[in-house]
Number of protein chains: 2
Amino acid sequence: MVSERAKPSGPKFRRRSEARPDEVLDAALELFVEKGFAATRVEDIATRAGVSKGTVYLYFPSKEAVLEGLVRRGVLPVANSVIEQFAKVSGDPRLILAGAIRMLGNRLSDPMIGAIPKVVLREVVSFPQLAEMYRREVLDRTIPVLVSLIERGIAEGYMRPVDPELTVRSIVGPLVIHVVLAQVFGIVPKGGMEIEALIDNHLSVLFGGLSAPGAPDIG
Amino acid sequence: MVSERAKPSGPKFRRRSEARPDEVLDAALELFVEKGFAATRVEDIATRAGVSKGTVYLYFPSKEAVLEGLVRRGVLPVANSVIEQFAKVSGDPRLILAGAIRMLGNRLSDPMIGAIPKVVLREVVSFPQLAEMYRREVLDRTIPVLVSLIERGIAEGYMRPVDPELTVRSIVGPLVIHVVLAQVFGIVPKGGMEIEALIDNHLSVLFGGLSAPGAPDIG
DNA sequence: CATTAATAACTGACCAGCCAGTTATTTACA
DNA sequence: TGTAAATAACTGGCTGGTCAGTTATTAATG
């Protein structure tokens with residue numbers, strides 16, 4: 001409030017057409033996470049971004065377009081770096097997998113990044129275009145890479161002959177549910193919510209299995 | 001349309017105060033799944049339930065109360081039967097776990113049941129009371145049972161000494177993500193989306209691990 | 001005909017998107 | 001360089017439509 005005095009008789013606004021879209025997206029992300037898309041008014045976004053409502057419409061044709069821009073900006077870099085990790089074509093695929101899982105886990109647990117899938121998940125039903133975009137830009141690009149990594153792992157004798165496509169779900173599911181439990185329901189393991197511990201345990205179960213060495217086979 | 005002729009000069013409505021709440025909930029569930037809570041109008045619910053909007057308000061004090069009633073009615077029975085499964089206190093815990101996972105997977109893949117967690121997940125942010133209820137009635141009751149089953153498995157030498165709380169995420173995560181991928185993004189494995197195959201593969205990875213017997217240890 | 005389930009018309013709040021007008025910044029020219 | 005005209009950025013109030021919730025009235029049922 002008083003800190004505004006930095007510019008006592010300063011101008012009422014600044015012209016910053018370069019920075020505006022990002023400022024709007026930053027504000028929108030915060031609000032969508034706090035209250036959801038439907039409950040967020042365009043005017044709220046504008047206020048938090050330090051502009052007026054009209055300005056939002058200078059840069060985005062609609063409220064939905066703000067959401068779309070948000071997803072595009074926030075999620076593509078992550079998908080790209082995950083793909084880059086997976087793309088390593090030599091070495092034990094399990095190590096590549098482990099590295100990529102660690103990376104993905106760390107990204108997801110960053111609230112500003114992990115928030116985006118959460119928002120997508122919520123709005124997808126009333127905004128099918130968003131689902132399609134997310135699928136096309138993220139899922140359809142990452143899942144196949146992951147599948148072929150598993151296929152190579154099996155072919156080269158590093159992994160048991162599992163179904164690669166279904167195993168993808170065993171790999172990413174635990175990460176996602178961990179974030180959901182923590183961020184949505186406030187359910188945090190006793191040891192704290194450092195994602196590192198979760199990832200370590202997950203990798204241990206994933207590669208080593210849950211059964212004890214001496215225990216009888218089940219099946 | 002024409003089939004309405006079954007009651008040609010019948011009464012304009014029936015008085016059925018017993019059946020009305022369930023009829024309203026059925027209609028609401030369908031619509032919430034189709035379009036989400038925010039985009040569903042109370043009048044839509046009423047129309048699909050075959051009553052007028054006012055009637056909805058005879059049985060539910062608000063739109064949110066409809067959602068809450070829906071969750072309460074749909075999800076408690078599932079939680080209870082899962083808990084019942086887990087409660088078996090003797091025998092190989094891995095078999096009990098496997099049985100409960102199969103049961104949960106089947107329930108989740110029933111659209112009318114699996115839809116509810118999906119709706120909860122979407123509305124939780126703008127409706128914290130719902131999150132709290134779901135947490136209290138479902139998660140806080142099921143997760144501890146699962147944790148203690150794993151603890152017993154470890155204590156009795158059936159399972160490796162993993163972190164039980166974190167391992168819960170490795171157990172349910174894949175099921176949830178499978179349903180989300182299928183229902184939200186339309187991503188279905190080539191082999192079809194029969195949940196049985198997913199569960200078989202998941203159990204195999206979960207208990208046996210992903211590493212091939214001959215492969216070098218990673219760690 | 002008394003009771004109450006159910007209807008249908010109504011109200012008031014809310015908000016996305018629009019746009020007429022205002023202000024900051026740049027450009028043209030002296 | 002100083003200044004006025006031109007332009008681009010921004011504001012904020014308005015409007016039309018939507019919809020949750022209310023209420024006056026009607027109709028079914030015992």
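Below, chains carry the letters A, B, ... as their sequence lines are ordered, and counting in each starts from 1.
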query = Do B/Asp163 and A/Leu198 have side-chain heavy atoms sitting under 4.5 Å apart?
reply =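 Of all side-chain heavy-atom pairs linking A/Leu198 with B/Asp163, none is under 4.5 Å.
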
message = Run the side chain to side chain contact (heavy atoms under 4.5 Å, CB included) test on B/Leu97 and B/Ile101 for me, step by step, so that the C-alpha distance in whole Å, both residues' side-chain angles and the decisive distance to 0.1 Å come before the verdict.
response = CA-CA 6 Å; B/Leu97 200 53; B/Ile101 288 172; 4.2 Å; yes

Please report the distance, rounded to the nearest Å, between [atom1] in [X] and [atom2] in [N].
{"X": "B/Leu58", "N": "D/dT25", "atom1": "CG", "atom2": "C1'", "result": "14 Å"}
{"X": "B/Ile45", "N": "D/dG21", "atom1": "CD1", "atom2": "P", "result": "10 Å"}
{"X": "B/Glu64", "N": "D/dC19", "atom1": "CD", "atom2": "P", "result": "17 Å"}
{"X": "B/Phe37", "N": "D/dA20", "atom1": "CZ", "atom2": "C1'", "result": "10 Å"}
{"X": "A/Arg16", "N": "C/dT25", "atom1": "CZ", "atom2": "P", "result": "11 Å"}
{"X": "B/Phe60", "N": "C/dA6", "atom1": "CZ", "atom2": "P", "result": "13 Å"}
{"X": "B/Tyr57", "N": "D/dG21", "atom1": "OH", "atom2": "C1'", "result": "5 Å"}

Among [options], which nucleotide has an atom closest to any side-chain atom of [X]?
{"X": "B/Lys63", "options": "D/dT11, D/dA20, C/dG17", "value": "D/dA20"}
{"X": "A/Val42", "options": "C/dA16, C/dA5, D/dG21", "value": "C/dA16"}
{"X": "A/Arg41", "options": "C/dA6, D/dG21, C/dA16", "value": "C/dA16"}

ask   = Does B/Ser148 offer a backbone N or O that forms a donor-acceptor pair with the side chain of B/Arg152 under 3.5 Å?
value =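 No; judged by distance alone, with no hydrogens or angles, the pair does not exist.
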
key: A/Glu23 side chain vs A/Gly50 backbone, donor-acceptor pair below 3.5 Å   =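 No, because the side chain of A/Glu23 does not come within donor-acceptor range (under 3.5 Å) of the backbone of A/Gly50.
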
message = Applying a 4.0 Å non-hydrogen cut-off, can you work out what B/Tyr59 is touching in the nucleic acid: base, sugar-phosphate, or nothing?
response =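 The residue B/Tyr59 makes sugar-phosphate contact but no base contact.
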
ask   = Which is true for B/Thr40 with a 4.0 Å heavy-atom rule: it touches a base, it touches only sugar-phosphate, or it touches nothing?
value =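 It contacts sugar-phosphate atoms only.
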
task = Give a yes/no on whether any side-chain N or O of A/Thr55 is located under 4.0 angstrom from OP1 or OP2 of D/dT11.
result =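 Looking at the OP1 and OP2 atoms of D/dT11, one of them is under 4.0 Å from a side-chain N or O of A/Thr55.
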
Phosphate OP1/OP2 of D/dC10: any A/Arg20 side-chain N/O under 4.0 Å =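 Yes.
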
Atom pair CD1/CD1 of A/Ile150 and A/Ile171 - distance to nearest 0.5 Å =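 That separation rounds to 3.5 Å.
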
key: Side chain B/Lys53 and base D/dA20 donor-acceptor under 3.5 Å   =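 By the distance-only test, yes, there is a pair.
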
